[in-house]
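Inspection log for the structure reproduced underneath, given as structure tokens.
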Amino acid sequence: MKKIRCLITAGPTREYFDPVRFVSNPSTGKMGWAIANAAKDIGWDTILVLGPSALPDIDGAETVRVVSAQDMFEACKRHFDSCDILIMSAAVSDVRPKFRLPNKAKKDAIDLRPELERTPDILLELSKIKKNQVLIGFAAETQNVMDYAKDKLERKNLDAIAANNVGAAGAGFASDMNKIDLILRGGDVVDFGAGTKTELAKQLVDFLSERFFAE
Ligand code: C5P
């Protein structure tokens, strides 16, 4: 039986203004890290591309540590061709400073209106060059969660998207708990309910395995 190769991203990215200041978000990487463990546990060849995170490498999987959205993009491009499924759970920073100073700016010299630019949309770019890979996105929202998630699924040409309400109590960023609704292309919704990120990761990987790779 052919081994499934799985590429998973997790964590935030950091976009530096100077060597000590950056734009980022509160993601810890826990959800994607749990998914990578679950993927490895069911026997998938697993590569985890992890933004800055306190979480350890995973025994039995390859952990590629990155800092910026650009680094994450490069790492994903290197492994995308050979993977069967990409699960993009990283909270990629949407913007980055246009210029990065080589030395720490003195307090008085900090540019208070730094020019920002968009980071590459990794999932969107990879969806344009995809062959047979299954693409799974995550949608972290604080409002209109299902509508925004459906829109992303269409726009990024995904096979499914996991919708997360990061504004809900006891879910989302930094929490050990989460609540996931998986929206499939075609419109069906699978409600995994609330649980620990470890439990939800296992349910998600089992579902994806059955849905996309059953022999
Ligand atoms: O549009 P939005 O950023 O909310 O879409 C979320 C999905 O897109 C997630 O799967 C996220 O990992 C991915 N994404 C990306 N590159 C970005 C921003 C988001 O791959 N620059």
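Order of appearance sets the numbers: ligands from 1, and atoms from 1 within every ligand.
Side chains of Ser209 and Asp206: no donor on one and acceptor on the other come within 3.5 Å. In summary, the side chains of Glu125 and Ser127 do not present any donor paired with an acceptor at a separation below 3.5 Å, with no hydrogens or angles considered. Using a 3.5 Å distance cut-off with no hydrogens or angles, the side chains of Glu74 and Gln70 do pair a donor with an acceptor.
With respect to the salt-bridge test (charged N to carboxylate O, under 4.0 angstrom), the residues Asp45 and Lys3 qualify. The existence of a salt bridge linking Glu141 and Lys152 is confirmed by a sub-4.0 Å separation between a basic side-chain nitrogen and an acidic carboxylate oxygen. For the pair Asp84 and Arg5, the salt-bridge criterion is not met [side-chain N within less than 4.0 Å of a carboxylate O].
At a 4.0 Å cut-off, at least one heavy atom of Lys156 sits close enough to ligand 1 to count as contact.
With hydrogens left out, the protein atom closest to atom 11 (C) of ligand 1 is Ala90 O, 3.5 Å, a heavy atom. Nearest protein heavy-atom contact of atom 9 (C) of ligand 1 is Phe138 O, 3.0 Å. From the protein, the heavy atom lying nearest to atom 16 (N) of ligand 1 is Ile122 N, 3.0 Å. Nearest protein neighbour of atom 10 (O) of ligand 1, counting heavy atoms only, is Met88 O, 2.7 Å. With respect to atom 21 (N) of ligand 1, the closest heavy atom belonging to the protein is Pro120 O, 2.9 Å. For atom 20 (O) of ligand 1, the nearest non-hydrogen atom of the protein is Leu123 N, 2.8 Å.
Within ligand 1, the atoms closer than 4.0 Å to a non-hydrogen atom of Gly137 are 10 (O), numbered from 1 in the order shown. Of all atoms in ligand 1, listed by their number and element, those nearer than 4.0 Å to a heavy atom of Thr119 are 21 (N). Near Asp94, the atoms of ligand 1 lying under 4.0 angstrom from a non-hydrogen atom of the residue are 3 (O), 18 (C).
Within the 4.0 Å heavy-atom criterion, neither part of Leu124 lies near ligand 1. The side chain of Lys152, and not its backbone, has at least one atom closer than 4.0 Å to an atom of ligand 1 (non-hydrogen atoms only; side chain from C-beta on).
The side-chain tip of Lys77 points at the ring of Phe73 from less than 6.0 angstrom away and within 45° of straight on.
Polar contact check, Ala139 against ligand 1: no nitrogen or oxygen pair lies under 3.5 Å apart.
At a threshold of 4.5 Å between non-hydrogen side-chain atoms, the residues Glu62 and His79 count as touching. Residues Arg118 and Asp94 form no side-chain contact, since every pair of their non-hydrogen atoms from C-beta on lies 4.5 Å or further apart.
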